[in-house]
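Since the model is a prediction, treat every value here as computed from it, not as a measurement. In what follows, residues are counted from 1 in the order of the sequence shown.
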Amino acid sequence: LQSGIDFYQHSAYPTALAYLEAALGYYQEGGDLIQEGMTLVAIGRVYYAQGQFDDALAVYQQALTIFGDENSPAGEAAALTGMGAVLVDRGRYDEALSNLEQALDLAQESGDRLEEARALKAIGEVHKGQGHYDAALVVFQEANNIANELNDLFEKGLVLNSIGSVILSQGSYDETLIYLEQALTIQ
């Protein structure tokens with residue numbers, strides 16, 4: 001599973017998918033439902049990154065069912081965050097926000113700070129998509145603070161990129177460059 005995630009984080013999507021599909025088979029064969037669900041979430045992220053939104057939603061839904069059956073709030077949060085991100089890209093902001101607020105609550109309930117940051121970032125994308133730039137920046141900053149606290153450079157890079165995107169939309173080009181250059185040095 002970790003090798004697949006590593007390849008995903010380096011944008012080597014076909015290789016990531018091969019590792020993740022192998023891990024999925026292993027976890028299904030062994031009956032480890034939580035790891036099966038986490039692998040499905042990782043596969044969903046790869047599909048999402050490749051623009052295969054229907055496939056991403058399908059595997060996120062599978063994962064959500066597993067995590068619900070297994071009473072795993074952290075897993076449910078991960079699946080709901082993934083689904084929310086897809087819905088944001090589809091312009092279905094109300095539905096996305098509903099999923100993401102649920103994901104945020106579950107992440108906080110389970111103490112999963114990384115998933116909390118991911119949910120916050122996705123909520124920021126909802127605000128950005130709706131043109132609520134100030135609200136987006138507030139939520140992105142919360143996500144950035146958590147990424148800093150966890151020293152998660154991948155997530156920090158994503159959040160800095162989102163902050164830069166919002167600032168660009170507001171017309172502050174010099175400030176945009178600061179955030180995007182920081183994101184580039186991380187990613």
Side-chain angles (χ1 to χ4, degrees), residues 1-10 13 16-50 52-90 92-126 139-140 142-147 149-159 162:
L1 173 60
Q2 189 57 50
S3 293
I5 291 170
D6 290 343
F7 281 109
Y8 156 74
Q9 290 181 341
H10 288 94
Y13 302 128
L17 208 49
Y19 275 92
L20 292 169
E21 287 172 346
L24 181 62
Y26 173 79
Y27 294 129
Q28 287 173 329
E29 194 174 293
D32 188 337
L33 293 173
I34 297 296
Q35 288 298 333
E36 178 181 338
M38 292 310 297
T39 304
L40 287 167
V41 167
I43 290 170
R45 289 182 181 138
V46 173
Y47 285 150
Y48 173 79
Q50 294 179 308
Q52 296 173 274
F53 298 133
D54 290 337
D55 292 335
L57 279 175
V59 294
Y60 287 139
Q61 186 58 58
Q62 281 180 271
L64 184 60
T65 299
I66 289 170
F67 292 132
D69 291 346
E70 294 297 304
N71 192 28
S72 172
E76 287 180 280
L80 286 165
T81 299
M83 292 171 74
V86 172
L87 294 169
V88 168
D89 278 2
R90 291 260 170 104
R92 293 162 53 184
Y93 298 119
D94 291 339
E95 191 178 350
L97 191 57
S98 175
N99 280 359
L100 294 167
E101 287 173 342
Q102 200 177 350
L104 181 59
D105 288 344
L106 289 164
Q108 289 170 335
E109 171 188 320
S110 65
D112 187 337
R113 298 286 284 160
L114 179 56
E115 202 55 50
E116 183 179 348
R118 289 176 177 150
L120 286 166
K121 181 197 172 293
I123 290 169
E125 296 294 344
V126 170
V139 179
F140 286 147
E142 284 183 65
N144 190 46
N145 291 343
I146 295 170
E149 171 189 315
L150 298 174
N151 198 30
D152 188 307
L153 296 180
F154 182 75
E155 194 63 30
K156 181 175 177 60
L158 294 175
V159 174
S162 292

Atom pairs and distances, side-chain donor-acceptor, residues 65-72, under 3.5 Å, sequence neighbours left out:
| from | atom 1 | to | atom 2 | distance (Å) |
| --- | --- | --- | --- | --- |
| Thr65 | OG1 | Gln61 | O | 3.1 |
| Ser72 | OG | Gly75 | N | 3.2 |

Please check if atom OH in Tyr19 has more than 12 non-hydrogen atoms from other residues, nucleotides or ligands closer than 6.0 Å.
no
Salt bridge check, Arg118 against Glu155: does any charged N sit closer than 4.0 Å to a carboxylate O?
yes
Can you tell if the side chain of Leu97 reaches within under 4.5 Å of the side chain of Tyr93, non-hydrogen atoms only?
no
What do you reckon, is CD of Glu29 surrounded by more than 12 foreign heavy atoms closer than 6.0 Å?
no
Do the side chains of Tyr26 and Leu1 get nearer than 4.5 Å, heavy atoms only?
no
Sidechain-backbone polar pair: Tyr60 side chain, Arg45 backbone, donor-acceptor under 3.5 Å:
yes
Minimum heavy-atom separation for Ser162 and Phe140, please, with both atom names.
CB-CZ, 3.5 Å
Are Asn145 and Glu149 linked by a side-chain donor-acceptor pair shorter than 3.5 Å?
no
From Leu87 CG over to Leu100 CG, what is the distance, rounded to the nearest 0.5 angstrom?
8.0 Å
Check whether any side-chain N or O of Thr81 sits under 3.5 Å from a backbone N or O of Ala77 as a donor-acceptor pair, and report yes or no.
yes
Looking only at non-hydrogen atoms, find the nearest pair between Leu64 and Met83 and report the distance.
CD2-SD, 4.0 Å
Heavy-atom side-chain proximity of Arg90 to Leu57 below 4.5 angstrom:
yes
Distance in Å, Glu116 CD paired with Glu109 CD, rounded so as to fall on 0.5 Å steps
12.5 Å
Option passing side-chain contact (heavy atoms from CB on, under 4.5 Å) with Ile43 (candidates Thr39, Val41, Val46):
Thr39
Separation of Tyr13 OH from Gln50 CD (nearest 0.5 Å):
7.5 Å
Close side-chain approach of Tyr47 and Val59, heavy atoms under 4.5 Å:
yes
If I take atom CZ from residue Arg92 and atom CG from residue Asn99, how far apart are they, to the nearest 0.5 angstrom?
9.5 Å
How far apart are the closest heavy atoms of Gly124 and Val139, and which atoms are they?
N-CG1, 3.8 Å
Give, for atom CD of Gln28 and atom CG of Leu33, the distance between the pair rounded to the nearest 0.5 Å.
9.5 Å
First locate atom CD1 of Ile146, then atom CG of Leu120, and finally report the distance between them rounded to the nearest 0.5 Å.
5.0 Å
Shortest non-hydrogen contact from Gly84 toward Ala96:
O-CB, 3.5 Å
